Amino acid sequence: MTTLIKNGTVVNATGAHAADVLVDGEKIVALLSPGSNAPGSILGTIDADTVIDAAGKYVIPGGVDAHTHMELPFGGTNASDTFETGTRAAAWGGTTTIIDFAVQRTGERVEDGLAAWHAKADGNCAVDYGFHQIIGGVDEFSLKSMETLVAEGITSYKLFMAYPGVFYSDDAQILQAMQKAADLGLLTMMHAENGPAIDVLAEQLVNQGKTDPYYHGIARAWQMEEEATHRAIMLADLTGAPLYVVHVSAKQAVEQLAWARDRGKNVFGETCPQYLYLSLEEQLGARSDEFGAFEGAKWVCSTPLRSRAEGHQDAMWQALRTNDLQMVSTDHCPFCMKEQKELGLGDFRAIPNGIGSIEHRMDLMYQGVVTGEITLERWVELTSTTPARMFGLYGQKGVIAPGADADIVVYDPHGHTSIGIDGKHHMNMDHSAWEGFEIDGSVDVVLSRGSVLVQDGAYSGRPGHGKYLKRGLSQYLI
Ligand code: DUC
Ligand code: ZN
Ligand code: ZN
């Protein structure tokens, strides 16, 4: 089965140029100069089984979302997207690879946590998927089990400096895990917030009657993120472990990352669309007729949305331009308002933390191209190429080139996308954190390993098409 994507502009992280893309089976096999396969030309007519006309459109590598939480048990409930619904939404939005987090908690075996995650995902995914491993209980057994991860194709693991009693690791545990990771070549991913101090601040606020979602953002002050980011950097430096800080939202945390990177350290950071577009004042502080001040629960996530008056959003865009932040993931962790976010009515500490964005990351970041925040090539680099390199998938994913998987998105810069519920989104949520956002572009066609998943506004993917990806070591280290 061959497919020819004709007349488009191929955009890779390295540049954009007019080319036709020839796909054979699951792989890209050639990039052809426009016209080189026309009748009477050197190559002659290529008689592909399927031809997709991409005239006036961009042809980009499928998105790689390296931070998702399908079905995560959290805050007394489970994230509302299953691997089936979440990867279908990903496909609709032009994301053709996800990396989700398998969970191990205190007292559990890493092997069991990983097996449980395979059981959730196996046969259910519309797009290819890999796993990171959360180590939520660092002890002699989980440290030993880390030795098995690389062979499982899991080359990165996550620790939490937040959530005492849930996923939290103290400095002694972090130090030991990083020592092990440095030996094994694993990339340490860090949720960098000072959890114990945040919990005290949150309790004080609740005791003062400050129970609305807005105060989630006050308790999780930027100082808590800056301090933890610095501590993680120093522990990584001491142990020689490469460090990747997830969901960076505070400009002061970026300054810490830049400081370390300027000293040549293997320190990296991602941000998420919510930290580029949304804010403490407008979203966490929102009110509605339906929910009153509890409206802000829709945007309770950690790290929290930050103050626009303090300039965090502008600082995130700037860091994406200067490469102080290297990539954009979603931290997709959706919860419905009904029966889920509602658990925190009267006490923001009980609101399950998370926002759903997996369907909108490519669009939201393309809007950054439209508004001049980033270039076209940087869009591809931040959403596909660097995630693939960072997590050992590059070559197979993250690039339009012969030999790569035919994970291809035809993106229409003349299209339009209105984001919201009412049949417009495909995530398993009863609201959208992005309601009313308008994008000056649209996902047109989506291919995963040569199979069309989305075309002409119709979905033709299926659960089970997506395969588990055994990842290699990070290809981004200096
Ligand atoms: N932050 C979230 O918002 N949700 C899940 C876990 C996390 O760290
Ligand atoms: Zn986190
Ligand atoms: Zn997360």
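Every value quoted in this text rests on a predicted model; they were computed, and no experiment measured them. First listed ligand is number 1; within each ligand, the first listed atom is number 1.
- Those atoms of ligand 1 that come under 4.0 Å of a heavy atom in H191, given as number and element, are 8 (O).
- In D331, the N, O or S atom that comes nearest to the Zn ion (ligand 3) is OD1.
- Atom-to-atom distance recorded for Y215:OH and Q204:CD is 14.5 Å, nearest 0.5 angstrom.
- Scanning all protein heavy atoms for the shortest distance to atom 6 (C) of ligand 1 gives Y163 OH, 3.9 Å.
- Among the atoms of H247, no N, O or S atom falls under 2.8 Å of the Zn ion (ligand 3).
- Looking only at its N/O/S atoms, H191 has ND1 as the one nearest to the Zn ion (ligand 2).
- Residues A13 and T385 come closest through the heavy atom pair CB-OG1, 3.6 Å.
- Closest heavy-atom contact between F391 and S156: CD2-OG, 3.7 Å.
- Atoms NE2 of H67 and NE2 of H69, as seen from the Zn ion (ligand 3), are separated by an angle of 110°, to the nearest 10°.
- Residue D331 touches ligand 1 through its side chain alone, judged by heavy-atom distances below 4.0 Å.
- Heavy-atom contacts of C301 reach the following atoms of ligand 1: 3 (O) (cutoff under 4.0 Å).
- For the residue pair S329 and E270, a side-chain donor N or O sits within less than 3.5 Å of a side-chain acceptor on the partner.
- Among the atoms of C333, none of the N, O or S atoms falls under 2.8 Å from the Zn ion (ligand 3).
- Those atoms of ligand 1 with a heavy atom of N353 less than 4.0 angstrom away are 2 (C), 3 (O), 4 (N), 5 (C).
- In the vicinity of C333, heavy-atom distances shorter than 4.0 Å reach the ligand 1 atoms 4 (N), 5 (C).
- Counting the atoms of ligand 1 from 1 in the order shown, those under 4.0 Å from a heavy atom of H247 are 8 (O).
- The aromatic rings of H247 and H191 sit perpendicular, their planes meeting at an angle over 60°, well past the 30° parallel limit.
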Between T303 and S249, is the side-chain hydrogen bond (donor to acceptor under 3.5 Å, both in side chains) condition met? List the steps. CA-CA 7 Å; T303 58; S249 64; 2.9 Å; yes
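- Remark: distances from the non-hydrogen atoms of F167 to ligand 1 are all 4.0 Å or more.
- On a distance-only criterion, S302 and ligand 1 share at least one N/O pair closer than 3.5 Å.
- Using a 3.5 Å distance cut-off with no hydrogens or angles, the side chains of Q313 and Y277 do not pair a donor with an acceptor.
- Using a 4.5 Å heavy-atom cutoff, the side chains of S145 and R109 are not in contact.
- Distance NZ/K265 to CG/D237: 4.0 Å, rounded to 0.5 Å.
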